[in-house]
Every structure is written in structure tokens, then in C-alpha cells.
Trainee: 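Once you've had a glance at the structure underneath, I'll fire off some questions.
A, B, ... follow the sequence lines: proteins, then strands. Residue 1 opens every chain.
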Amino acid sequence: MNRWVMKSEPDVFGIDDLAAAPQGTDRWDGVRNYQVRNMIRDHMRPGDAAFFYHSNTRPPGVVGVMEVVSGPYPDPTAFDPDDLHYDPKSTPEAPRWYCVDVRFRERLPRQVTLQELRECPDLEGFPLIRRGNRLSIVPVTEAQWAVIRRLAEG
DNA sequence: GCCAACGTTGGC
DNA sequence: GCCAACGTTGGC
């Protein structure tokens, strides 16, 4: 089982939106970065756990936990000319972009802010807190997962 | 709203 | 294959 942090802007799609979705499940689509695409396509599997991270908000940070509930499959939004994430270079025959379904598991007892993550000595080298990191999905080790969980307990 | 960081595009 | 221009992300 792999562990991840997945970022989304709460103004666009936040933890509350996921919790309110049917069965608490929704498609994590719209990824248009090759590094992130590769992580989804090659390493995400059903049963993986993921922190839900609110980006581009004040304060940014980890707010909840979800579970990957599908294998990777071609991102249908890439095929839809009316979609914001339409990419004519991706076709059903040769899909360029991938997505997974995720299910809401829980809200954390309290948000763990980016600042707290940065200030935590046990998280040194964690890619999420690297300056200039722009990947919307980041792998998390079991140890890092436990540290973040503990921070969320307050 | 600003701007640093970084990915992508396209001319050459 | 280099690199400048441009667009986007995302913290602040």
C-alpha cells in the first residue's frame, strides 16, 4: 500500500465536496503534469491512503484522509472539448492523462498547516515542503504519515 | 495582488 | 538540443 498527499484548492474542490459526494467518492481528474501522471499511472493502486491537502488558501495544509478506490484509468476530461482540462492530444486510443477514484475517509481532528509541516524536524526532506514544489500529488512514507497523523491529534 | 519557481512551447 | 518567452502554481 502506498501513501500520498493530494492537493486541491478548496474553492474549486475541497474536503467538504468530497465528503458530500455520493458514497463520498469522486474522480480525481484534471492532472496535467507528467511527473504526477506517472505517479498515478504507475504507482497508485486501490487501497492506497492519501491526505487531502488544501492549497491556495489561508492557511494551506492537510485537512483529511481519503482512500484510492480505483486503479488508474484514462482521464475522461481530456477527451471532452467542453471541459476546462480538454487536451486534443489525448485520445481514447492513446490516452495521455490518467486519474483515479478516491473516497472520503475522515476529517483530521485539526488541520496541520504547511507552516507546521515545515517546522517539524521529523519531516525534513519531505517533498511537499520543498520550496517551489508544484507537484499536486506527492508520495509519503509510512514514517512521514505517522508524523503528520500525530500532528493532527494536536 | 505580487512574485518566485518551474513546466511547457516553439523558434532556431 | 538549446533557451527565451510564456503560462501556471501556489505561498504570502
Trainee: Of the candidate nucleotides B/dG7, C/dG11, B/dT9, which contains the atom at the shortest distance from the side chain of A/Q35?
Mentor: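 The closest nucleotide is B/dG7.
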Trainee: I want to check one thing: is the phosphate of C/dG10, taken as OP1 and OP2, less than 4.0 Å away from some side-chain N or O of A/K7?
Mentor: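 Indeed, a polar side-chain atom of A/K7 lies that close.
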Trainee: Rounding to an integer number of Å, can you tell me how far A/E9 CD sits from C/dT9 P?
Mentor: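 Distance check: A/E9 CD to C/dT9 P gives 7 Å.
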Trainee: Would A/V69 and A/F52 show up in the same hydrophobic cluster when neighbours are defined by side-chain heavy atoms closer than 4.5 Å?
Mentor: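 Cluster IDs for A/V69 and A/F52 differ.
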Trainee: Return the value, rounded to whole Å, for the distance between atom CE of A/M6 and atom C1' of C/dG10.
Mentor: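 Checked: the CE to C1' distance equals 18 Å.
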Trainee: Expressed as a whole number of angstroms, how long is the span from A/R58:CZ to B/dC2:C1'?
Mentor: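 From A/R58 CZ to B/dC2 C1': 11 Å.
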Trainee: Same hydrophobic cluster for A/Y73 and A/M39, using side-chain heavy-atom links shorter than 4.5 Å among ILVMFWY?
Mentor: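 As far as the 4.5 Å side-chain criterion goes, A/M39 and A/Y73 are not connected within one cluster.
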Trainee: Among A/V102, A/V100, A/T25, find the residue that satisfies the side chain to side chain contact (heavy atoms under 4.5 Å, CB included) test when tested with A/S70.
Mentor: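 Only match with A/S70 under side chain to side chain contact (heavy atoms under 4.5 Å, CB included): A/V100.
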Trainee: Looking for any heavy atom pair under 4.0 Å, which part of the strands does A/R32 touch: base, sugar-phosphate only, or nothing?
Mentor: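 No contact.
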Trainee: In whole angstrom, what separates A/N33's CG from C/dG10's C1'?
Mentor: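 Checked: the CG to C1' distance equals 14 Å.
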Trainee: Where does the angle between the aromatic ring planes of A/W145 and A/F51 fall among parallel (under 30°), tilted (30 to 60°) and perpendicular (over 60°)?
Mentor: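 Aromatic pair A/W145/A/F51 classed parallel.
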Trainee: Hey, which of these two, A/H85 or A/Q115, hits DNA chain C nearer its 5' end, going by closest nucleotide?
Mentor: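 Comparing both residues, the 5'-ward one is A/H85.
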Trainee: Give a yes or no on whether a salt bridge exists between A/E67 and A/R105, defined as a side-chain N under 4.0 angstrom from a carboxylate O.
Mentor: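 Result for this pair is yes, salt bridge flagged.
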Trainee: Is it true that A/W97 and A/Y34 have ring centroids separated by less than 6.0 Å?
Mentor: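 Yes, the ring of A/W97 comes within the 6.0 Å limit of the ring of A/Y34, centre to centre.
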Trainee: May I ask you to verify if any side-chain N or O of A/Y53 is less than 4.0 angstrom from the OP1 or OP2 atom of C/dG11?
Mentor: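 Yes, because at least one side-chain N or O of A/Y53 sits under 4.0 Å from OP1 or OP2 of C/dG11.
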Trainee: Using heavy atoms and a sub-4.0 Å distance, could you list which residues of residues 121-138 of chain A are near DNA chain C? By number, please.
Mentor: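 Here the set is A/R134.
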Trainee: Expressed as a whole number of angstroms, how long is the span from A/E116:CD to C/dG11:P?
Mentor: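 Interatomic distance, CD of A/E116 to P of C/dG11: 15 Å.
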Trainee: Quick check: closest heavy atoms across A/L123 and A/L117, and the distance to 0.1 Å?
Mentor: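 Of all heavy-atom pairs spanning A/L123 and A/L117, the closest is CD1-CD2, 3.6 Å.
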Trainee: Taking atom C1' of B/dG10 as reference, at what distance in whole Å does atom NZ of A/K89 sit?
Mentor: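 Result: 11 Å.
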